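To start, the structure under review is shown below, and the notes come after it.
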Amino acid sequence: MSGPNGQGAGGGATSSRNGHDDHDPGPSDAGTEPDARFTLANERTFLAWNRTALALVVAGLGIVQLLPPFPGVPWGRHVLGVPLIVLGAAVSVVAYREWQQNQAALRQILAGTITGIAVLAAVVLLVSAVR
């Protein structure tokens with residue numbers, strides 16, 4: 001399905017990991033926002049991961065607080081519930097980091113594309129002026 005300007009709807013973005021973490025981008029960074037569709041897709045993914053993290057934490061708390069004690073194993077509920085709570089916290093942190101990296105990648109792609117088009121336009125203008 002196409003949007004009003006002929007571009008396809010939907011899409012997503014991935015980030016390449018180059019090992020550099022010189023700048024910690026966030027929503028308050030000044031700069032041009034990428035296409036809203038990609039930004040919103042990145043945010044939906046972030047929210048889905050946080051929904052999963054919340055479900056893990058709630059499941060862990062439910063096991064620890066509501067499950068009846070196991071006969072002969074009084075610490076059994078904690079063995080089952082605490083790792084779920086820790087995993088939920090870890091998933092939430094990883095989701096945030098991935099969201100930040102994807103936002104930075106989207107901005108870099110946007111800046112690179114605009115720079116490439118500007119250089120190409122300058123070359124075309126210079127070539128046409130010489131002829």
Side-chain angles (χ1 to χ4, degrees):
M1 177 180 278
S2 292
N5 58 1
Q7 295 177 343
T14 58
S15 67
S16 62
R17 297 176 191 214
N18 58 6
H20 299 284
D21 199 13
D22 299 334
H23 179 66
D24 196 15
S28 63
D29 279 350
T32 306
E33 282 295 319
D35 189 347
R37 294 174 297 174
F38 300 121
T39 300
L40 292 174
N42 188 32
E43 186 174 338
R44 281 191 304 272
T45 303
F46 169 69
L47 292 173
W49 277 103
N50 273 305
R51 187 173 53 240
T52 302
L54 183 60
L56 287 167
V57 170
V58 169
L61 287 172
I63 288 172
V64 170
Q65 296 295 318
L66 303 176
L67 196 66
F70 299 123
V73 188
W75 42 266
R77 295 182 301 174
H78 291 85
V79 168
L80 292 175
V82 171
L84 291 175
I85 295 169
V86 171
L87 181 61
V91 166
S92 183
V93 169
V94 169
Y96 181 71
R97 294 288 300 165
E98 287 294 319
W99 173 78
Q100 280 185 322
Q101 290 173 355
N102 287 341
Q103 279 301 106
L106 286 170
R107 288 175 188 232
Q108 289 171 355
I109 289 169
L110 178 66
T113 302
I114 291 171
T115 302
I117 291 172
V119 168
L120 183 63
V123 168
V124 168
L125 286 173
L126 288 174
V127 168
S128 67
V130 171
R131 290 187 178 181

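Since the model is a prediction, treat every value here as computed from it, not as a measurement.
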Please tabulate, for the side chains in residues 61-80, all donor-acceptor contacts under 3.5 angstrom to protein atoms that are two or more places apart in sequence or on a different chain.
unit_1 : atom_1 : unit_2 : atom_2 : d
R77    : NH1    : V64    : O      : 3.4
R77    : NH1    : L67    : O      : 2.9

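Side chain of N42 to main chain of W99: a donor-acceptor pair is present (N/O by atom type, distance under 3.5 Å, no hydrogens or angles).
To the nearest 0.5 Å, atom CD of residue Q108 and atom CD of residue Q101 are 10.5 Å apart. Annotation: the span from L40 atom CG to L47 atom CG amounts to 10.0 Å, rounded to 0.5 Å. Within the model, atoms CG of L56 and CG of L87 stand 5.0 Å from one another, a figure rounded to the nearest 0.5 Å. In this structure, CG in D35 is found 9.0 Å from CG in L106, a value given to the nearest 0.5 Å. To the nearest 0.5 Å, atoms CZ (F38) and CD1 (I109) are separated by 8.5 Å.
Contact between V91 and A53 at its shortest, heavy atoms only, is CG1-CB, 3.9 Å.
Checked against side chain to side chain donor-acceptor pair (under 3.5 Å), T39 has no partners two or more places apart in sequence or in another chain.
Listed by first and then second residue, the side-chain hydrogen bond (donor to acceptor under 3.5 Å, both in side chains) pairs involving residues 46-63 are N50-S92 (not counting sequence neighbours).
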